[in-house]
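Throughout, protein chains are lettered first and strands after them, A, B, ... in sequence-line order, and every chain is numbered starting at 1. All values derive from a computational prediction rather than experimental measurement.
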Amino acid sequence: MASVWKRLSCDGDVLNLGITLVCGQAFRWKKLNNEEWCGVLSGKVWTFKQSSDGIYYKVNSRLSEVESTTQNESILNDYFQLNIDLHHLYDHWSSRDDNFKQVAATISGFRLLRQDPVENLFSFICSSNNNIERISSMVEALCVKYGGIITEVNGVVYHDFPSIATLAEPQVEQELRELKFGYRAKFIHETAKILMKKCNKDWLISLREVPYEEAHAALCELPGVGAKVADCVCLMSLDKTDAIPVDTHVWQISCRDYNIPDLKKSKSLTNKAYKAIGDHFRQLFGKYAGWANSVLFSGDLKKFQDSKVNYIQVSLI
DNA sequence: GGTTGACCTGA
DNA sequence: CAGGTCAAC
């Protein structure tokens, strides 16, 4: 479909695309140039551009599909969770924590995306003991191998994320081994098979309606899903805004910068330490603690160091 | 219960 | 080692 730029009015400090799309919560957004990002959402190909007067977007869909601006804006409002008042939350978190206040000054407009639980879950099964660059290429490989074609934009073919049913097919584990997924090949295949038994993706979606602890425990039953991955899924696609994923990085910074009882005693990230960190930040930041924590730690992500340096350099000139 | 090492791969 | 998970002490 031919597409034109449409404007979604919101300021940069309400939604900062550069930080939000590239911080490691979702792995399929590609930066086209300094201002534009492109990727797949809700079965369509979207191109975004950040401007001083809002976000501009273009949509490319399957040939048969008819575009509705109302519907597209609804998709974006849901995905970017624009109904959530970020200013109010930043103010609240800043009032609770001086360290947050400092970090927040360099990271405005960061939002959690409301992702599709299927893509979110399988992407983070890939994340264990892995780096963001390879996670991204593995997710891309899953889509190209098993996802349906959406359309072609500027010579690039875009695919949907594969269905659970496709990932549950018998040959998948071996094929993923051949695609260099390593031990994650088995986790993906086994988890897909279990989800098929649990009424496909409806079971995952239904976890949006249950309390955090229950959703977290249910996810941890899946192969390849431990406390950290389960918290990522809870936070990023199941509406658990106070879920705190604790990776090695969060653990180290927590030990260094925050005085959390019992934490300094353990030499490694034990279950006890894991829970102590989550509980500490939940008590500190409240209902949206998962969001606050993401702001706090995405700023230190290696991927961001470059853009931060650039920012400083630009301001010096 | 907490600790330890293996597990795939690639930079 | 990299944004972990699992199983065996």
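Counting any heavy atom pair closer than 4.0 Å across all strands shown, Lys228(A) reaches a base atom. Using a 4.0 Å heavy-atom cutoff across all strands shown, Val246(A) reaches no nucleic acid atom at all. Residue Val225(A) is classed as a sugar-phosphate contact, given heavy-atom separations below 4.0 Å to backbone atoms only. The residue Arg177(A) sits close only to the backbone: its heavy atoms come under 4.0 Å of sugar-phosphate atoms, none of a base. Contacts of Leu222(A) with the nucleic acid, taken as non-hydrogen atoms under 4.0 Å apart, involve only primed sugar atoms and P, OP1 or OP2.
A straight line from CE of Met138(A) to C1' of dC7(B) spans 13 Å, rounded to a whole angstrom. In this structure, CG of Asn271(A) is placed 13 Å from C1' of dA7(C), rounded to the nearest angstrom. Put simply, CG on Leu219(A) is 14 Å from C1' on dT5(C), counting in whole angstrom units. The distance between atom CZ of Phe181(A) and atom P of dG4(C), rounded to the nearest whole Å, is 18 Å. Taking atom CG on Leu235(A) and atom P on dG3(C), their separation rounds to 18 Å, with Å as the unit. For the pair Arg184(A) CZ and dT5(C) C1', the computed distance is 10 Å after rounding to whole Å. Per the geometry, OH belonging to Tyr183(A) stands 7 Å off C1' belonging to dT5(C), to the nearest Å. Between the NE2 atom of His249(A) and the C1' atom of dG4(C) there is a distance of 16 Å, given to the nearest Å.
In summary, the aromatic rings of Phe80(A) and Phe48(A) are positioned with their centroids under 6.0 Å apart. The aromatic ring centroids of Phe124(A) and Phe27(A) lie less than 6.0 Å from each other. With ring centers used as reference points, Tyr258(A) lies under 6.0 Å from Phe281(A).
Under 4.0 Å is where a charged nitrogen must lie from a carboxylate oxygen, and between Lys228(A) and Asp231(A) no such pair does. A salt bridge links Lys44(A) with Glu67(A): the distance from a Lys NZ or Arg NE/NH1/NH2 to an Asp or Glu carboxylate oxygen falls below 4.0 Å. A salt bridge does not link Lys275(A) to Asp262(A): none of the charged side-chain nitrogens sits closer than 4.0 Å to a carboxylate oxygen.
For Asp247(A), the listed nucleotide lying nearest its side chain is dG4(C); candidates were dG2(B), dG4(C), dG10(B). Listed nucleotides dC7(B), dT3(B), dA2(C) differ in distance to Asn131(A); the shortest reach to its side chain belongs to dA2(C). For Lys180(A), the listed nucleotide lying nearest its side chain is dT9(B); candidates were dT5(C), dT3(B), dT9(B).
Counting distance only, with no hydrogens placed and no angle test, the side-chain atoms of Tyr274(A) and the base atoms of dG4(C) include no donor-acceptor pair under 3.5 Å. Taking only distance into account, the side chain of Asn129(A) meets the base of dC8(B) through a donor-acceptor pair shorter than 3.5 Å.
Comparing dC6(C) with dG10(B), their P atoms sit 23 Å apart, to the nearest whole Å. Rounded to the nearest Å, the gap between the P atom of dG5(B) and that of dG3(C) is 22 Å.
Remark: Thr270(A) is not in phosphate contact with dG2(B), judged by side-chain N or O atoms under 4.0 Å from OP1 or OP2. Between Ser128(A) and dC7(B) there is no side-chain polar atom (N or O) within less than 4.0 angstrom of OP1 or OP2.
Mapping Ala227(A) and Gln252(A) onto DNA chain C by nearest heavy atom places Gln252(A) at the nucleotide closer to the 5' end. Residue-to-nucleotide proximity on DNA chain C shows that, of Cys220(A) and Pro245(A), the 5′-proximal contact is made by Pro245(A).
Of all nucleotides present, none satisfies the Watson-Crick or G-U wobble test against dG3(C) with each distance under 3.5 Å.
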